[in-house]
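Reviewing the structure listed below.
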There are 2 protein chains.
Amino acid sequence: MERYCNKLKAGGLKLTPRRLAIIGLFVDHNTHFTAEDIWSRLQKRFSRCGLPGVYRNLESLVECGILTRIQQFDRKKHYGLCAGSHHHHHITCIRCGKVDNIEDCAFDSAKKIKGYTVVSHFIQVNGVCGGCAKAAPHRDRVWGKGMFVCSEK
Amino acid sequence: MERYCNKLKAGGLKLTPRRLAIIGLFVDHNTHFTAEDIWSRLQKRFSRCGLPGVYRNLESLVECGILTRIQQFDRKKHYGLCAGSHHHHHITCIRCGKVDNIEDCAFDSAKKIKGYTVVSHFIQVNGVCGGCAKAAPHRDRVWGKGMFVCSEK
DNA sequence: CCTCCAAATAGAAATAACTTCTATTTATAT
DNA sequence: ATATAAATAGAAGTTATTTCTATTTGGAGG
């Protein structure tokens, strides 16, 4: 938690109860959430908290490097903890939604591709985590149409 | 075009003028489009065509394997030809928006990552294409907040 | 401590991107 | 030709997110 406070300060953001609670949710659950997921979980402690506030906080936390946006094909923005300051990617469990970092990146940014100068790249991997692999297969979380990212292999 | 007609038939979809025109747009431009992009380009030939029809068609074309959804962090659904049945990714020019396929994929799907069984992966590369690199730098297209995918390097 | 002010919050209203609905039309198998 | 399952049109609805204006608050400086 210490390190997140430092990141907030470094980004010129105040340590508000709301903000710390949001970070706490990510730390405790180690998964990705949508704005609404966060909002519903904040209701107990912050009954007067609205969705716009959650959206604003999530975006600030992305900007100061605490969270990262995670792509799902469901028209919602998903956010997850961005643990390292170094370059890394993410793997998501398609059953429980857990997110882990992938530390070693095989992508060579220096390489020219079809005449393009590469500026950035984004890799997301979807899989089934060890825990879910052991669990009963018919207990799968149900995902909506178009939920999965492409390039199945 | 022949092969796309076969895919339509295989999926139990009719060969309507609208549908063929949409496929034609993708074939001719070799880039990705949003529903609105398609809709505005159809106006000349199909003046009575509405957006809902475009959305329905694009989704049918994804379902029968002619199109693929392409992820951008801009809250719109992007679609592109799924040219090969083979595995590939995309590189996008951050100035003009052009998309090219990346044929060779460095990602090893067989590898176990942190105990996960990999199901699918998604790679998107952002860069500046040859044409835009030559053009005046202050002519950059302005992109909205959150437009770029993360992991700048 | 106290005070100030930039930053954060609340809640209402607006926007944008789809999606759904009902009625009508059309491609194609027979 | 004709029947029918699928496709279309246009209006209306939904959902996720953003913007707005006013009010409140964390924390630097006195």
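Any value given below was found using the heavy atoms of this structure, including those in side chains, with hydrogens, waters and symmetry copies removed. Numbered from 1 within each chain, the chains take letters A, B, ... in sequence-line order.
Atom CG in A:N57 sits about 15 Å away from atom P in D:dT17, given to the nearest Å. Between the P atom of D:dG26 and the CG atom of A:L20 lies a distance of 11 Å, rounded to the nearest Å. Between A:R18 atom CZ and D:dT25 atom C1' there is a gap of 12 Å when expressed in whole angstrom units. Between the C1' atom of C:dT28 and the CG atom of B:L15 lies a distance of 9 Å, rounded to the nearest Å. Taking atom NZ of A:K9 as the reference point, atom P of C:dA7 lies 17 Å away to the nearest angstrom. A:W39 places its CH2 atom 11 Å from the P atom of C:dG11, with the value rounded to the nearest Å. Taking atom CD of residue A:Q43 and atom P of nucleotide C:dG11, one finds them 10 Å apart after rounding to whole Å. Taking atom CG of residue B:L8 and atom P of nucleotide D:dA6, one finds them 15 Å apart after rounding to whole Å.
A 4.5 Å side-chain heavy-atom check between B:E36 and B:V54 finds every atom pair outside the cut-off. Residues B:I38 and B:F26 have side chains in contact (heavy-atom distance under 4.5 Å, counting atoms from C-beta outward).
Taking 4.0 Å as the cut-off between side-chain N and carboxylate O, B:E59 and B:R69 count as a salt-bridged pair.
When B:V27, B:L58, B:I66, B:T16 are each tested for a side-chain contact (heavy atoms from CB on, under 4.5 Å) with B:I22, only one passes: B:L58.
Both tests hold for B:R18 against B:F46: distance to the six-membered ring centre under 6.0 Å, angle to the ring axis within 45°.
Dashed line: the shortest gap from a side-chain N or O of B:R19 to OP1 or OP2 of D:dA6 is not under 4.0 Å. Regarding contacts with the backbone of D:dG10, a side-chain N or O of B:R48 is found under 4.0 angstrom from either OP1 or OP2.
Listed nucleotides D:dA9, D:dT8, D:dA6 differ in distance to B:T16; the shortest reach to its side chain belongs to D:dT8.
Between B:P17 and A:L13, the residue anchored nearer the 5' end of DNA chain C, judged by the nucleotide with its closest heavy atom, is A:L13.
The CG atom of A:L67 sits 7.0 Å away from the CD1 atom of A:I23 when rounded to the nearest 0.5 Å.
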Contacts under 3.5 Å, N or O only, protein and nucleotides 17-20 of chain C:
residue : atom : partner : partner atom : Å
C:dC18  : OP1  : B:K77   : N            : 3.3
C:dC18  : OP2  : B:K77   : N            : 3.1
C:dC18  : O5'  : B:Y55   : OH           : 2.5
C:dT19  : OP1  : B:K77   : NZ           : 3.4

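Of the N and O atoms on the side chains of B:T34 and B:D37, at least one donor lies less than 3.5 Å from an acceptor on the other residue.
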